[in-house]
Amino acid sequence: MYRARPNSGLSAGGCYTRFLVFHKIETRIAESVSAYLKARYGFEMEPVVEQAKDPRFGELSLTAAFGLARQLRKAPRVIAAGILAEMPSLEGVAAAEIAGNGYINLRLDRAGFGAALLSGAEARPAPAASGKMIVEHTNINPNKAAHIGHLRNAVLGDTFVRMLRAAGRQVEVQNYIDNTGVQVADVVVGFHFLERMSPAGVARLAADPAVRFDYLCWDLYARTSSHYHGNPDALNWRHQALHAIEAGQGDLAEMAHTVADAIVACHLKTMLRLGIEYDVLPRESEILHLQFWATAFELLKQRGAIYRETEGKNAGCWVMPGSAFSGSASEDDSKVIVRSNGTVTYVGKDIAYQLWKFGLLGKDFYYSPLMTYPSGRRLWVTTGQPSPEPAPAFGRGDWVYNVIDSRQSYLQDVVAAGLRALGFPGQAGRSIHFSYEMVALTPRTCAELGIELSEEDSRRPYVEVSGRKGLGVKADDLIDKLIEKACREVDSRHPEAPAGQRRRVGEQIAAGALRYFMLKFTRNAVIAFDMQEALSFEGDTGPYVQYAAVRARNILRKLEERGEALPEFRRELDAAAMGRQLQSEDFWQIVLAVSKAGSALERAIGSGEPAHVAKYAFQLAQSFNSFYHSYPVLHEPDRERRTFLLWLTDYFRRQLEQTLAILGIEVPEYM
């Protein structure tokens, strides 16, 4: 079976180290033109270069003439003529011409471009943003099994991390564990007051390998919530549990610790099925017990960022005035930070957490190693006591991205307002809410998952997932179903392959289908997840892109089966040979499309849209499949052309594999 060469273009950390020629040329031209314009006209202008929308007009266009027209009071075309006449020649550009009302179209040197691709000299460009980036994602309440909505959060966050690391950024991945919140308290209420269980009994249940503890807690949480509806006085149990948990004392606190730790272990296993890893798990219990919140509380009071309300519905509460984050000072718009009973709200603890992320709190956690992932990455968890093993330097970020759904936009605004009120406007501006919309299901998928729908819901284009309506979909159930369906397809195509291998391929296809579906839509779009569509081998899907990569590998595998090795491309294809082959407009457009991975990645990072990388992957797969059907690589009689086609096949393979790696999608042995 053909396998990628060790120098596949991806380092162990996933960074691009090759195939960035187009992005490098684009960046270099933009820098040269900007420097010329500043020296000639005294203006800072960005951006001045854009990719041509029509291949007939070259590869890049300069748009500076339009930006200068108002200042110089001249027609853009006249300015463009002056720029073209005076500006020094641009490295990598073979020809330039004026088009339309003032565009300067650039045509790249094809032979030089091809030679640069072969040489591997295209170093990774310097990061557009320096400093450490913290990405916080997943953040599932540790009270029950993960559900389908959590998967979108985790996949988006993990892919954004992969994007940043591929571009050379320093990234730390955090998964905040709210182990002292209401949701955990309600499960504790269920065990203690409804089930009459002791902490030791819950611990035995959590440790029993025959028990799906996260599933059991899913049902218990629902039963506890239902009990509250019929017995409002039982809410006092919740208050008892919350106070005990925050104090960290007694049976209820011990039980909460057992529940949260066991559920977190379940969540980590679920996410690892999709290749999702973290660096550190900051826990809310340490934010309380190590006085993070107490320190932040005093800072907020000292700076006048919050005040104690003496009347109205918020009497006795510490609140942040609405003017701090909404432009309104009315009481109705004020946000409670500390309740009248003395318990701190989620947003209060989050302000303390955000201060720590930026290294502004003057405090740090203690850390303990929790596990080592199969990749070799170590996962750490915060603790309340020193650990003998030294930990990495967590926190102290320059940029913070919080992957939280759009319904939490208001609370994220309050957190940023807290930073500004404390005198940290720069950090507030670099505190980014990486928001996204909800995940729904198509009626067809509901039926496949065994969810009964009303006649009205079955006619809808999508059905909103709702635990209250009994439409909760556990993440593991969805993954299991996708694997089952993918394995059936693999078994039908490759019945002769070993069973374990077929299972592994099915898992890779299922995970790729799920991740790609979650990524191909922009973050502000509501997703209607459809299993049949996600698993299709045709169209804009993960399996379609995986299939293209498998096909590219197969061509090279067949070459090896003939007893041949890949040619030494640098020796057999010099600049002149590349120039001859790239005179073919078809080949030139293919090479251009394949070489734009770096540009696609940087644009995706700049816009915060992983969907752009997914779109590029799909376009790349389309381009390869067209190439695959048009050119019988191994049967080409002309030696130079055959060598070029083999190089192009290997180039496709590398770019497909690298792009899929950024999306967190593996390439199976076969499809």
Side-chain angles (χ1 to χ4, degrees), residues 14 127-141 146 148-167 169-178 271 274-282 325 346-347 350-351 353-358 394-395 397-420 426-439 515-527 600-615 662-664:
S130 59
K132 181 179 182 179
M133 296 182 168
I134 292 174
V135 178
E136 176 203 345
H137 68 80
T138 305
N139 308 342
I140 309 171
N141 288 316
I148 186 173
H150 297 135
L151 293 180
R152 187 175 195 189
N153 181 306
V155 169
L156 278 171
D158 179 66
T159 304
F160 188 57
V161 168
R162 290 168 182 266
M163 288 162 52
L164 293 172
R165 285 177 173 162
R169 272 68 159 187
Q170 179 189 1
V171 188
E172 177 178 303
V173 188
Q174 300 182 6
N175 177 4
Y176 182 75
I177 308 300
D178 182 5
M271 295 306 158
L274 299 177
I276 297 170
E277 301 179 354
Y278 312 93
D279 294 315
V280 63
L281 307 179
F325 52 88
Y346 163 80
V347 73
D350 210 30
I351 290 173
Y353 178 34
Q354 201 77 348
L355 286 168
W356 168 78
K357 288 180 186 175
F358 281 111
F394 293 117
D398 297 286
W399 294 78
V400 173
Y401 291 84
N402 298 322
V403 184
I404 303 176
D405 77 59
S406 58
R407 292 170 294 183
Q408 303 298 316
S409 294
Y410 164 72
L411 295 179
Q412 287 295 296
D413 288 345
V414 175
V415 171
L419 293 179
R420 285 193 296 269
Q427 287 83 353
R430 297 193 299 276
S431 181
I432 312 299
H433 180 198
F434 199 82
S435 64
Y436 62 94
E437 287 294 340
M438 70 169 189
V439 181
R515 287 191 66 116
Y516 189 90
F517 200 98
M518 293 290 181
L519 294 168
K520 71 176 182 177
F521 301 95
T522 55
R523 292 187 287 118
N524 62 358
V526 174
I527 292 178
L601 176 63
E602 289 298 334
R603 284 178 170 81
I605 291 172
S607 63
E609 281 291 0
H612 295 333
V613 179
K615 181 179 179 181
I662 290 174
L663 296 174

Identify the heavy atoms of [X] and [Y] that sit nearest to each other, and give their distance.
| X | Y | result |
| --- | --- | --- |
| I351 | G418 | CD1-CA, 4.4 Å |
| V403 | G157 | CG2-CA, 4.0 Å |
| A604 | H612 | CB-CB, 3.8 Å |
| S431 | L419 | CB-CD1, 4.4 Å |
| M271 | T138 | CE-CG2, 4.2 Å |
| A428 | A416 | CB-O, 3.6 Å |

Hey, what do you get for [atom1] ([X]) to [atom2] ([Y]), rounding to the nearest 0.5 Å?
| X | Y | atom1 | atom2 | value |
| --- | --- | --- | --- | --- |
| N153 | F434 | CG | CZ | 10.0 Å |
| Q412 | I404 | CD | CD1 | 3.5 Å |
| M133 | I432 | CE | CD1 | 9.5 Å |
| M163 | E602 | CE | CD | 9.0 Å |
| Y176 | N141 | OH | CG | 10.0 Å |
| D405 | H433 | CG | NE2 | 6.5 Å |

Legend entry - Evaluation steps, side-chain contact (heavy atoms from CB on, under 4.5 Å), between D178 and N139: CA-CA 8 Å; D178 182 5; N139 308 342; over 6 Å; no
Inset, instruction - Would you please test V135 and R169 for side-chain contact (heavy atoms from CB on, under 4.5 Å) and show each step? - result: CA-CA 12 Å; V135 178; R169 272 68 159 187; over 6 Å; no
Legend entry - Under 3.5 Å side-chain donor-acceptor pair for Q408 and Y346: no
Legend entry - Polar side-chain atom of R407 near backbone of M438 as donor-acceptor pair, under 3.5 Å: no
Inset, instruction - Tell me, with the steps shown, if L663 and R515 meet side-chain contact (heavy atoms from CB on, under 4.5 Å). - result: CA-CA 7 Å; L663 296 174; R515 287 191 66 116; 5.7 Å; no
Inset, instruction - Output all residues satisfying side chain to side chain donor-acceptor pair (under 3.5 Å) with S406, sequence neighbours left out; order by chain, then residue number. - result: E437
Legend entry - The single option from V173, V400, N402, V171 passing side chain to side chain contact (heavy atoms under 4.5 Å, CB included) against I134: V400
Inset, instruction - Answer yes or no: does atom NZ of K615 have more than 12 heavy-atom neighbours from other residues, nucleotides or ligands under 6.0 Å? - result: no
Inset, instruction - Side-chain contact test, heavy atoms from C-beta onward, threshold under 4.5 Å: evaluate it for M518 versus V439 and give yes or no. - result: yes
Inset, instruction - Answer whether the closest heavy-atom distance between the side chains of I662 and L601 falls below 4.5 Å. - result: yes
Inset, instruction - For residues 408-420, pull every pair meeting salt bridge (charged side-chain N to carboxylate O under 4.0 Å, His left out), keeping only residues two or more places apart or in separate chains. - result: none
Inset, instruction - From the options Q174, K357, Q354, select the one residue that forms a side-chain hydrogen bond (donor to acceptor under 3.5 Å, both in side chains) with E136. - result: K357
Inset, instruction - Starting from the C-alpha separation in whole Å, work towards a yes-or-no answer on side-chain contact (heavy atoms from CB on, under 4.5 Å) for H137 and I276. - result: CA-CA 10 Å; H137 68 80; I276 297 170; 3.8 Å; yes
Inset, instruction - Apply ring pair (Phe, Tyr, Trp, His ring centres under 6.0 Å) to Y401 and list each qualifying residue two or more places apart in sequence or on a separate chain. - result: F160
Legend entry - Presence of salt bridge, R165 and D279, under 4.0 angstrom: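 A salt bridge is present here (some side-chain N lies under 4.0 Å from a carboxylate O).
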